[in-house]
Visitor: 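Encoded as structure tokens, here's the structure I'll be asking about.
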Amino acid sequence: MQQLKELTTERRNRASEHLDSMTALAMVSLMNREDAIVPRAIKKVLPNIAEAVDVIAAALAKGGRLIYVGTGTSGRIGALDATEVHPTFGAPPEMVQFVVAGGEAALTRAVEASEDSSELGLADIAARKPTKRDVIVGLAASGRTPYTIAALEYAARKGATTIGIACNRGSELGQIAHHSIEVDVGPEVLTGSSRLKSGTAQKLICNMLTTGAMARLGYVYSNLMVNLHLKNEKLLERGIAIVETLAHVDRTTAVTTLEKAGMSLPLALVMLIAKTGKQDAQKRLRKSKGNVRKAIEG
């Protein structure tokens, strides 16, 4: 416990010592000031994050997986990022996965006791059968969570590349991972509540990792989500707007081409921008492994 008390994430924040007697406005103003620390802290570790993006993109390009591992808030943040990759980028669901202590039940109800179990961490990641093609990202605000550390150590023994994300410098997680991202956001407004600044920092970093990797892999064209699955009215309208914008065509042409392409946004874009037929556009996309820009450029 003494080790825990020494962590930055467990220290008391002097600015919030009177939190329980503050007015609502004073309280949220304080939290807003503290939250502003997070992007400044992340700025200091951008080279580490960029390195991780390249590592992940290279692994996914070779058919590997990105698997987030964590407990409590950290585990839920990894799960959130993983589950949003498929609908955002149209990437295969198995490409980005998550492992959270306590299983999927822990996403809606706290199962925090399991974070102390190295055995569970090892068993849960072992069930995913990590290989040298995969990247395992461990999330732990403290950087000392036994479950997450055991999972990364096992994955590394199986040849996987490991990345540790923590909110304490010199963390055990950072030391055992192949690549470490340690962002110091300082003490929480509510002492030890790592769902606050630490959670925000982890979410921002995860945003960068997956968005960066997907962009590098061609799941993005310009700054648009060109691999959307047009499954509802909102997404259909967004897809039509993307075709209109990138191909410089009117709505009627965009809709007609999407229908010819079987409502495949990438296919419609290649057909229009490369000025080619459906069969050739399909061939281009297969050759480019779904990279829209490369398919258009031929």
Side-chain angles (χ1 to χ4, degrees), residues 45-70 78-100 121-122 124-139 148 151-165 173-174 176-181 205-229 264-267 269-270 281-298:
V45 296
L46 288 177
N48 304 72
I49 298 172
E51 181 180 81
V53 168
D54 285 337
V55 167
I56 292 167
L60 298 183
K62 296 176 182 178
R65 299 168 295 172
L66 165 61
I67 304 176
Y68 286 116
V69 181
L80 175 62
D81 197 62
T83 54
E84 289 185 339
V85 168
H86 173 63
T88 302
F89 301 103
E94 63 275 8
M95 180 181 281
V96 181
Q97 304 178 19
F98 70 89
V99 172
V100 59
L122 188 155
D124 287 352
I125 195 64
R128 299 302 174 98
K129 299 180 180 178
T131 72
K132 63 182 180 180
R133 296 195 302 174
D134 301 323
V135 177
I136 314 301
V137 176
L139 295 155
T148 308
L152 258 64
E153 288 178 331
Y154 176 86
R157 290 197 297 272
K158 293 299 179 179
T161 300
T162 59
I163 298 171
I165 301 176
L173 183 66
I176 63 104
H178 294 120
H179 305 271
S180 69
I181 302 170
I205 293 168
C206 289
N207 287 348
M208 293 177 183
L209 295 183
T210 47
T211 303
M214 292 297 113
R216 298 296 299 271
L217 292 172
Y219 285 90
V220 173
Y221 186 93
S222 181
N223 62 348
L224 298 173
M225 296 181 285
V226 293
N227 275 276
L228 285 174
H229 293 291
S264 167
L265 186 51
L267 188 56
L269 286 169
V270 176
Q282 289 172 325
K283 189 181 299 182
R284 287 170 177 244
L285 282 167
R286 283 196 298 271
K287 183 179 178 182
S288 71
K289 296 181 180 179
N291 188 312
V292 174
R293 184 176 294 280
K294 287 183 180 179
I296 289 169
E297 295 173 351

Visitor: Does S222 reach the main-chain N or O of L224 with its side chain, forming a donor-acceptor pair under 3.5 Å?
Guide: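 No, because the side chain of S222 does not come within donor-acceptor range (under 3.5 Å) of the backbone of L224.
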Visitor: Donor-acceptor pairs are to be reported for all side-chain atoms of residues 156-165 against protein atoms at under 3.5 Å, with residues two or more places apart or in another chain.
Guide:
| residue | atom | partner | partner atom | Å |
| --- | --- | --- | --- | --- |
| T162 | OG1 | H178 | N | 3.0 |
| T162 | OG1 | H178 | ND1 | 3.1 |

Visitor: Hey, is the main chain of A91 close enough, under 3.5 Å, to the side chain of H86 for a donor-acceptor pair?
Guide: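 Checked: pair present.
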Visitor: Indicate the atoms forming the closest heavy-atom contact of P92 with Y219, along with that distance.
Guide: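 Shortest heavy-atom contact: CD-OH, 3.8 Å.
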Visitor: Set out, in order, the CA-CA distance, both residues' side-chain angles and the distance that settles side chain to side chain contact (heavy atoms under 4.5 Å, CB included) for V69 and Y154, then state yes or no.
Guide: CA-CA 12 Å; V69 181; Y154 176 86; over 6 Å; no
Visitor: Looking only at heavy atoms, what is the nearest atom pair of L265 and M225, with distance?
Guide: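 Here L265 and M225 meet closest at CD2-O, 3.7 Å.
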Visitor: Once side-chain hydrogen bond (donor to acceptor under 3.5 Å, both in side chains) is applied, what residue pairs with a partner in residues 288-298 remain, sequence neighbours excluded?
Guide: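 Non-adjacent pairs meeting side-chain hydrogen bond (donor to acceptor under 3.5 Å, both in side chains): zero.
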Visitor: Any chance you could lay out the side chain to side chain contact (heavy atoms under 4.5 Å, CB included) test for D81 and F98, step after step, and finish with the verdict?
Guide: CA-CA 9 Å; D81 197 62; F98 70 89; over 6 Å; no
Visitor: Looking only at non-hydrogen atoms, find the nearest pair between A281 and L267 and report the distance.
Guide: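 Scanning both residues completely, I find the closest heavy atoms to be CB-CD1, 3.5 Å.
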Visitor: For residues A295 and V270, report the shortest heavy-atom separation together with the two atoms involved.
Guide: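 Minimum heavy-atom separation between A295 and V270: CB-CG2, 3.9 Å.
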Visitor: Quick one: pull up OG in S264 and CG in L228 and give me the separation to the nearest 0.5 Å.
Guide: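 Atom-to-atom, S264:OG and L228:CG are 11.0 Å apart.
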Visitor: Please report the interatomic distance CZ(F89) to CG(L217), rounded to the nearest 0.5 Å.
Guide: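 Taking CZ in F89 and CG in L217, the distance rounds to 10.0 Å.
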Visitor: For a side-chain contact (heavy atoms from CB on, under 4.5 Å) with Y68, tell me which candidate from L80, V135, V137 qualifies.
Guide: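 So the option named by the test is V137.
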Visitor: Is it true that a side-chain atom of T88 and a backbone atom of V85 form a donor plus acceptor pair closer than 3.5 Å?
Guide: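 Judged by distance alone, no pair lies under 3.5 Å.
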Visitor: What's the spacing between I205 CD1 and I181 CD1 if we round to 0.5 Å?
Guide: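 That separation rounds to 5.5 Å.
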Visitor: Going from CG on N48 to OG on S180, what distance comes out if it is rounded to the nearest 0.5 angstrom?
Guide: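 N48 CG to S180 OG: 6.0 Å, rounded to 0.5 Å.
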Visitor: Rounded to the nearest 0.5 Å, how far does CG of L139 lie from SG of C206?
Guide: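 Spacing of SG (C206) from CG (L139) equals 4.5 Å.
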Visitor: Taking all non-hydrogen atoms of both residues, which atom of A177 and which atom of L152 are closest, and how far apart?
Guide: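 Looking at all heavy atoms of both residues, the closest pair is CB-CD2, 4.1 Å.
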Visitor: Would you list the atom pairs, donor with acceptor, under 3.5 Å between side chains in residues 50-67 and any protein atom, with sequence neighbours excluded?
Guide:
| residue | atom | partner | partner atom | Å |
| --- | --- | --- | --- | --- |
| E51 | OE1 | H179 | ND1 | 2.9 |
| D54 | OD1 | R216 | NH1 | 2.5 |
| R65 | NE | D134 | OD1 | 3.3 |
| R65 | NE | D134 | OD2 | 3.4 |
| R65 | NH1 | R128 | O | 3.0 |
| R65 | NH2 | R128 | O | 2.8 |
| R65 | NH2 | K129 | O | 3.1 |
| R65 | NH2 | D134 | OD2 | 2.8 |

